[in-house]
Amino acid sequence: MQKKITLLILFLFLISGYAQRNVVLIIADDLGRDYCDIYSDHGPSVVNLTNVRRLLTRGVVFNNAWSNPLCSPTRAGILTGRYSFRTGVGDVVDGSNTKLSLNENIIPKMLNLYSPNGISKACIGKWHVTSSAPAGYNYPNTMGYDHYEGNLSGALGQPGQLAVGYNNWAKITNGVSSNCTNYATTENVNNAISYINSQPATKPFYLHLAFNAPHTPYHLPPANLIANTTLSGTQSDITANPVPYFQAMVEAMDKEIGRFFDYLISTGKWNTTDIIFIGDNGDDPLVAQSSPSKGSLYQAGVTVPFIISGPDVVNPNRTSNALVNTADIFATILELFGDANWRTRIPTTTVDSKSLMPILLNQATTVRPWEFTEIFKLAPTSGDGKAIRNADYKLIKFDNGTEKFFNLTNSPLETAARDLLTGTLTATQITNYNYLCTEMTNLVGGTSFCNTLGVNNVESQINVSPNPFHNFISMKSPSGNENYKLFSNLGQLIYEGNTIENQDFSTLANGIYFLKIIDKSISTIKLIKE
């Protein structure tokens, strides 16, 4: 009888342990994927993520993960599962910039709706989506976290302020400010461990662990966290050679992540905890190996490391080429906790997040046909705009009207020479251009973002001369009943009418134009003005 009771207790313990799911989200600040050794196509300079690599054998590595170009919009998207044009956070939250509404249904609030007081919810480290003024000290708690401990602003000090930074910073703990002189990366892990220890052992927990590293100010981390003993740490050396200090900061973060992993293992929580690791945007321009980087809609600004690892991953040690957004973390975390019906709890709110559970369960290879990102600043700049891509093609539509169109599979470098709009578009390219334009328009709403191009099988019967042209264009076409539309390379409509031969285009700037010919079908011809 005693043996049966023991077996029953063991069986109930195993069921309880299996049912409990913990989720940890780890965010690295300003870490693009090109420095990460977990990717085979990393840049010439690299950081060995020894401890992050421990996630691989029980996880999925995503090759095509997009964030926003800047940290606050990415973090707002993760918390809400909504794109920036919905949250209003398109720029770094600072001063008078638009901040995330306290009314948004962020992850901890949703978890409490699903299981009232049934899941411990803590945010440790960088916040940076609402006000960092004293009036906003308790906003993380107001928005649903049971515990907050970290810094509310974007950076711990500025370059040149060696005494004010990672070793001397304002720390907010549940609305109360204090000065912290412990190294921030180490303090974050200390706080994470302390919080989990303070909770009932059987209560599931969600931990949002957001490091400031490797965000500026670049510095020399504590000696016990790095292998490089040749760095002087002087401001002059940091200014002249920022890359090794950036690498040291990433190495120190990885070392502390390893200490946190060891804690989970020692306490028996490793096997019941799913872990998500991401970067929030591309590398800072000071250290970027590709340009444009952080702050831009180009690949180096929005392509980030992304791993999901843990007991809920079926057939782990996989890589995925699925198109995913960091906003997809919202739905994924909710469903990792078992809330498959989370949409019914916010029926009037538009959520863009797509759960990655089908990929984690090895039931699907993709969850979305395209991914989207955007940036818009309080003071508009030439870099403001939106980008969308499918498996092969990427379209960037800047707010000033400029467009860029690339084949990322055949030509991953987004240089001016690779812009497909500067050459003759094939039928396949036009189809993909039109598709991405249409999807972006359907997503954001309003009028079309692009002047769609057309192509058909009678284009070879239409003769245009001369090409290149100077002042006038001569046409010989099959029916003579066509309508003509002439577009600039930026997609701007230059001319529309039933005839084009008598139109004087001498005042047009030299360059590339597209002539759309509309009859019973549509053809598009590339013209060059000289």
Side-chain angles (χ1 to χ4, degrees), residues 24-56 61-62 65 67 71 74-75 124-126 150-151 154-157 159 165-167 169 183-189 192 209-233 237-239 241-262 275-290 293-294 300-307 309 326:
V24 175
L25 169 63
I26 301 175
I27 305 177
D29 197 0
D30 284 5
L31 180 66
R33 55 166 285 178
D34 59 325
Y35 273 95
C36 300
D37 70 334
I38 58 177
Y39 291 97
S40 59
D41 60 346
H42 58 70
S45 295
V46 70
V47 178
N48 295 319
L49 296 170
T50 305
N51 290 289
V52 171
R53 181 174 286 279
R54 293 161 65 180
L55 299 175
L56 303 188
V61 178
F62 293 90
S67 67
C71 56
T74 296
R75 293 161 195 269
I124 305 294
K126 179 173 175 175
N151 70 296
L156 297 172
Y166 280 66
N167 293 294
W169 51 284
Y183 186 62
T185 304
T186 298
E187 182 72 4
N188 293 155
V189 171
L209 177 56
F211 293 101
N212 279 90
H215 194 290
T216 56
Y218 298 141
H219 59 270
L220 182 62
N224 65 305
L225 298 181
I226 61 174
N228 190 342
T229 60
T230 65
L231 298 175
S232 68
D237 190 42
I238 295 171
T239 302
N241 305 288
V243 170
Y245 292 94
F246 167 84
Q247 292 172 305
M249 291 169 66
V250 177
E251 181 187 358
M253 178 184 66
D254 180 77
K255 188 77 172 287
E256 290 292 13
I257 288 174
R259 181 164 67 94
F260 178 69
F261 288 173
D262 290 342
I275 299 172
I276 303 171
F277 175 83
I278 64 159
D280 67 348
N281 48 245
D283 303 323
D284 190 287
L286 289 172
V287 297
Q289 301 184 77
S290 299
S293 53
K294 174 185 175 180
V302 300
T303 307
V304 294
F306 191 2
I307 307 169
S309 174
T326 47

Heavy-atom closest pair, residues [X] and [Y]:
X: Asn51; Y: Phe261; value: O-CE1, 3.4 Å
X: Ser232; Y: Tyr245; value: N-OH, 3.4 Å
X: Ala210; Y: Arg75; value: CB-NH1, 3.7 Å
X: Val304; Y: Arg33; value: C-CB, 3.9 Å
X: Trp169; Y: Gly150; value: CZ3-C, 4.0 Å
X: Asp29; Y: Pro214; value: O-CD, 2.7 Å

Look up atom [atom1] in [X] and atom [atom2] in [Y], then write down how far apart they are to the nearest 0.5 Å.
X: Cys71; Y: Lys126; atom1: SG; atom2: NZ; answer: 3.5 Å
X: Thr303; Y: Phe62; atom1: OG1; atom2: CZ; answer: 15.0 Å
X: Ile124; Y: Ile27; atom1: CD1; atom2: CD1; answer: 12.5 Å
X: Asn167; Y: Thr186; atom1: CG; atom2: OG1; answer: 9.0 Å
X: Ile226; Y: Asp254; atom1: CD1; atom2: CG; answer: 13.0 Å
X: Ile238; Y: Leu231; atom1: CD1; atom2: CG; answer: 9.0 Å

Side chain to side chain, [X] and [Y], heavy atoms closer than 4.5 Å:
X: Ile26; Y: Val52; value: no
X: Tyr218; Y: Val243; value: no
X: Lys255; Y: Pro221; value: no
X: Phe246; Y: Thr216; value: no

### Query
How are the rings of Tyr166 and His219 set relative to one another: parallel (under 30°), tilted (30 to 60°) or perpendicular (over 60°)?
tilted
So, the side chain of [X] versus the backbone of [Y]: is there a donor-acceptor pair under 3.5 Å, distance only?
X: Tyr35; Y: Gly43; result: no
X: Glu251; Y: Asn48; result: no
X: Asp284; Y: Leu286; result: yes

### Task
Go through the steps for Ile257 and Arg54 under the test side chain to side chain contact (heavy atoms under 4.5 Å, CB included), then give the verdict.
CA-CA 10 Å; Ile257 288 174; Arg54 293 161 65 180; over 6 Å; no
### Passing option when Lys294 is tested against Asp30, Asn281, Asp283, Asp280 for side-chain hydrogen bond (donor to acceptor under 3.5 Å, both in side chains)
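With Lys294 as partner, side-chain hydrogen bond (donor to acceptor under 3.5 Å, both in side chains) holds for just one option, Asp30.
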#### Entry: Qualifying residue for side-chain contact (heavy atoms from CB on, under 4.5 Å) with Ile307, from Ile38, Ile275, Ile278
Ile38
